[in-house]
Every structure is written in structure tokens, then in C-alpha cells.
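The first residue in the sequence is number 1, and the count goes up from there.
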Amino acid sequence: MCCIIIIFIICTFISIQSYLRVINDKKYFNNNKYWNKQMKINNDVLPLSFDELSNKMQGSGKSKLIWEALRNGIDPSQLSDNTLSAKAKSHLNNNILNNKPLIPLQIETESLSSCGTRKLLLKLSDNQSIESVLIPAYKFSRTTLCVSTQIGCDRGCKFCLTGTMGLVRNLTSSEIIGQVIKGIEVSRRENMPPLKNIVFMGMGDAGRNMQSVNESLLCLVDRERMSLAQSKITVSTVGPSPESFLTLASMPGTLAWSLHSADDSIRKYLVPSTKHSVIDLRDGLLKALLTRPNIRNRTIMIAVTLIDNINDDVNDALKLVEFVKPMYTIAPKIIIDLIPYNDNNILGFAQPSHKKVNEFQHVLRKNGLFCSVRVTRGDDESAACGMLATKREKVMNV
């Protein structure tokens, strides 16, 4: 009997030790995951399917009213809104939301650039902050919203201000969807063109927050929820691994790869976190695109931030041509997005001259590549690409 008790104690001790090792293993558990789980318990309405919300609201009519309001940038849980009856609103707030906000973020400040670009500083439920950017295009009667997927970023791109923050935590799907709802609210209030385009190019890397990004994308393209066109959504990543493209390709939207250089040594310098060669990443992306049976859905964007005297000369352009050409066998439409570096006071980096940018573009076009130079928007209010960053708050230990 004593032997049995001793064996039981030893087994229990080993189990506890194994459990503690797993808890401390960042590969499986970290504060971000626990934090995200807690946030979802507090607010789980926005990622719910239409049918799931209908069941909770005890009627599809109420669910339809809620999503109709959200599509117009209106929060139907607020007392000032008359979308729902008093009884339905009470049921939503008290029994479903547990008196937590339906949209788990609030606009803290707004800044307006001379070009009309509007940056939103959004405060989250844990007092962290993120930034989203509204970019109106009156000529084309549309507004684009640039959303964040993380607070900070762990990719460490040397030219990006967000990378200097490090990673604080992942955003929940509710926080990503909430940015879109707030974007619609502001665009309607300011009489901007309709918000039609969503780009996952704000703070963070979509490839490092797959679950929340996927849940938010499914909501955005769902005709019974946010009802945005899949072709108008772009999901950007630096490509943490060849395998990550496979997961991203299973999600709705156009893929954008932040390549920055076809030269391994230069890319490693610009993106120090990269662990794979550009060839391996490219092959992983192509394999992922093959899982999309519709050829039209294989359109991809390749982003290259041009930095003076680092990756902006003719030889860099020629290397990019040779790197991209084999991709056309699988991806019939490839858009090369050239982004002149936006000066954010990071030492050692400068924007290339217009002449060098034009020469780079000319080489690509001469060799048959479709290429555009991104027009800088919002740089006078630090709202342009690579300029988003917020003050870090300490994340609670869970």
C-alpha cells in the first residue's frame, strides 16, 4: 500500500512538473494567448456567425438588425441607439455581453493630414492603444482603411517604427473587426467616400496572428455580417515561414508579401527576424497559391520598401525581375508595390530620390512586370506606411 502511495505521489509530482514546463514553453503558451482568450470571453459577439448570434438573441430578426447597424458604423448596444427594442438591448448587454462593450475599442484621438488621410488612435479595453488609418480617394469614390493586427510587432523590420515597439500582444478578432466598424463611423461622419477597401497593413504582421485574422476576415466577407467584397481586402505579411503562406492562402482576400529585397543578405539586414531564404519563402507562397483553384484568386502583391543606397539601384531591380518571373506560371497577376521609404527618424535610412525610384520602376516595366509606386499619404501626421506606433503599456501577467 505504501509503495502505491509513493508511486502516486511521484507520478503526481512529475505531472505537475511537466505541466509547468508546458506553461513556460513559449511555443505553446504565452501571455498573448491567455490574454486573447480572456478578451474573447469578455466580448464574443463580433466573431459569432449570423446563426450563432441569432440563437443567442432568440431570433434572426434581431441578429439582422444588429449587423445592419454595425455595417453603418453604429453600435446597437448603446442606450442612445434605437435599433433594438429595450428588451432586446437589455438581453444583449446583460446576458450576452455581460455588460462588456460590443465594440471593444474607442476613438481616443484623430489626426487629419493635409491630403485628407485621417489617423485614428484607438484605446482598447486593457488601456493599450493601436492605430488605424482612413485613406479617402475622392477621384475613385472609395475609402481604404488600414487596420492593425497586433499591438507592436516582433518582426523587427529596421525601417518600420512599429517594429521598435516589440510585440505587446495580438489583437482579438473583435478588436480587428471593431476597427472596421469605427472606420465606417468616422468615414460617414466626415462625408468621405464609402469605405470599400480594407488592407491588413497597419501595426503588426497578419502572419503572426492567424486565428484572429481569419475570424475577422470571415466576418468581413460574410454577406449576413459586414458584407465586404473579398476582392477588396488585402492581407499583408513578411512571411514568417513558407508554411505560414499555406494558412494565409486558405483565408479570403488578396495576399501581399512584404519582400523588400530579392537578395538574401539585404533582406536579412532589413528584416532581421527572417529565418528562411527568399527562394524557400517564394516556393512556399507558390505552393499555397496552388490551393486556390480559382486562378483569379491567385493575384498577389509583392511590396518593396525602397531605401536610399540599400535596395534601390538598378541591380536590385534586375534581381527582383529574375526572382519574380518564375512565379507567373502559378500566379497570373503579380503587382509589384514600390513604397518609397517614409522618413520616421530611424538613423541610417533615407528616402531615395524620385529619379532612382523611377529608374527602378522602369527596369521592372521594361522586363514585363506590372509595377506601381505607392503615393505617400498621411506622412505629415505620421500616418503613412512604416510610421505607426503607440505608447506601450505593461501587459498584465495572467
side-chain contact (heavy atoms from CB on, under 4.5 Å) evaluation trace for Ile300 with Thr254: CA-CA 6 Å; Ile300 58 170; Thr254 299; 5.6 Å; no
Are [X] and [Y] close enough that some pair of their side-chain heavy atoms sits under 4.5 Å apart?
X	Y	result
Val324	Ile336	yes
Arg282	Phe323	yes
Leu369	Ile334	no
Asn214	Met210	no
Ser49	Glu52	yes
Met226	Asp222	no
Pro242	Asp283	no
Leu84	Leu65	yes

Member of Leu92, Ile74, Leu46, Asp75 meeting the side-chain contact (heavy atoms from CB on, under 4.5 Å) criterion with Ile66: Leu92
Residue from Val213, Asn170, Ile130, Val235 passing side-chain contact (heavy atoms from CB on, under 4.5 Å) with Thr149: Val213
Evaluation steps, side chain to side chain donor-acceptor pair (under 3.5 Å), between Asp51 and Ser54: CA-CA 5 Å; Asp51 289 341; Ser54 297; 4.9 Å; no
Short question: side chain of [X], backbone of [Y] - any donor-acceptor pair under 3.5 Å?
X	Y	value
Ser273	Arg155	yes
Asn209	Leu171	yes
Arg267	Ser261	no
Lys89	Gln78	yes
Arg225	Trp67	no
Asp312	Phe360	no
Thr291	Ala288	yes
Ser148	Glu131	yes
Glu175	Thr172	yes
Ser216	Ser212	yes

Closest non-hydrogen atom pair between [X] and [Y], with its separation:
X	Y	result
Arg208	Asp154	NH2-OD2, 2.7 Å
Gly116	Met192	O-CE, 4.1 Å
Ala317	Leu364	O-CD2, 3.6 Å
Pro252	Val221	CG-CG2, 4.0 Å
Pro76	Leu70	CD-CD2, 3.8 Å
Leu48	Lys56	CD1-CD, 3.6 Å

If the threshold is 4.0 Å, N to carboxylate O, is there a salt bridge linking [X] and [Y]?
X	Y	answer
Arg189	Glu110	yes
Arg169	Asp126	yes
Lys182	Glu185	yes
Arg374	Asp337	yes
Lys356	Asp313	no

Residue pair Val321, Lys325: steps toward the side-chain contact (heavy atoms from CB on, under 4.5 Å) verdict: CA-CA 6 Å; Val321 169; Lys325 276 190 172 181; 3.7 Å; yes
Looking at [X], I want to see if its [atom1] is surrounded by more than 12 non-hydrogen atoms of other residues, nucleotides or ligands under 6.0 Å.
X	atom1	value
Gln230	CD	yes
Leu290	CG	yes
Lys268	NZ	yes

According to a hydrophobic-cluster definition based on side-chain heavy atoms being under 4.5 Å apart (Ile, Leu, Val, Met, Phe, Trp, Tyr only), do [X] and [Y] belong together?
X	Y	value
Ile103	Ile96	yes
Phe140	Val199	no
Leu255	Leu259	yes
Ile295	Leu248	no
Val278	Tyr328	yes

So how far is it from [X] [atom1] to [Y] [atom2], rounded to the nearest 0.5 Å?
X	Y	atom1	atom2	answer
Leu281	Lys275	CG	NZ	12.5 Å
Asn197	Ile135	CG	CD1	9.5 Å
Trp257	Ile302	CH2	CD1	6.5 Å
Leu338	Leu306	CG	CG	5.0 Å
Leu122	Ser132	CG	OG	4.5 Å
Glu108	Asn127	CD	CG	8.5 Å

Ser77/Leu97 under side-chain contact (heavy atoms from CB on, under 4.5 Å): CA gap, chis, key distance, verdict: CA-CA 9 Å; Ser77 69; Leu97 291 171; 4.2 Å; yes
Parallel, tilted or perpendicular: ring planes of Phe349 versus Phe159, cut at 30 and 60 degrees: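 Aromatic pair Phe349/Phe159 classed perpendicular.
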Ser265 side chain to Asp263 side chain, donor-acceptor N/O pair below 3.5 angstrom: yes
Row check, Phe370 ring normal vs Arg365 NZ/CZ: under 6.0 Å, within 45°: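 So Arg365 doesn't make the cation-pi contact.
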Residue pair Thr237, Asp205: steps toward the side chain to side chain donor-acceptor pair (under 3.5 Å) verdict: CA-CA 5 Å; Thr237 179; Asp205 188 304; 2.8 Å; yes
Stepwise side-chain contact (heavy atoms from CB on, under 4.5 Å) test for Asn311 and Tyr341: CA-CA 11 Å; Asn311 65 343; Tyr341 169 75; over 6 Å; no
Residues Arg118, Ser111; criterion side chain to side chain donor-acceptor pair (under 3.5 Å); working and verdict: CA-CA 6 Å; Arg118 186 176 292 265; Ser111 56; over 6 Å; no
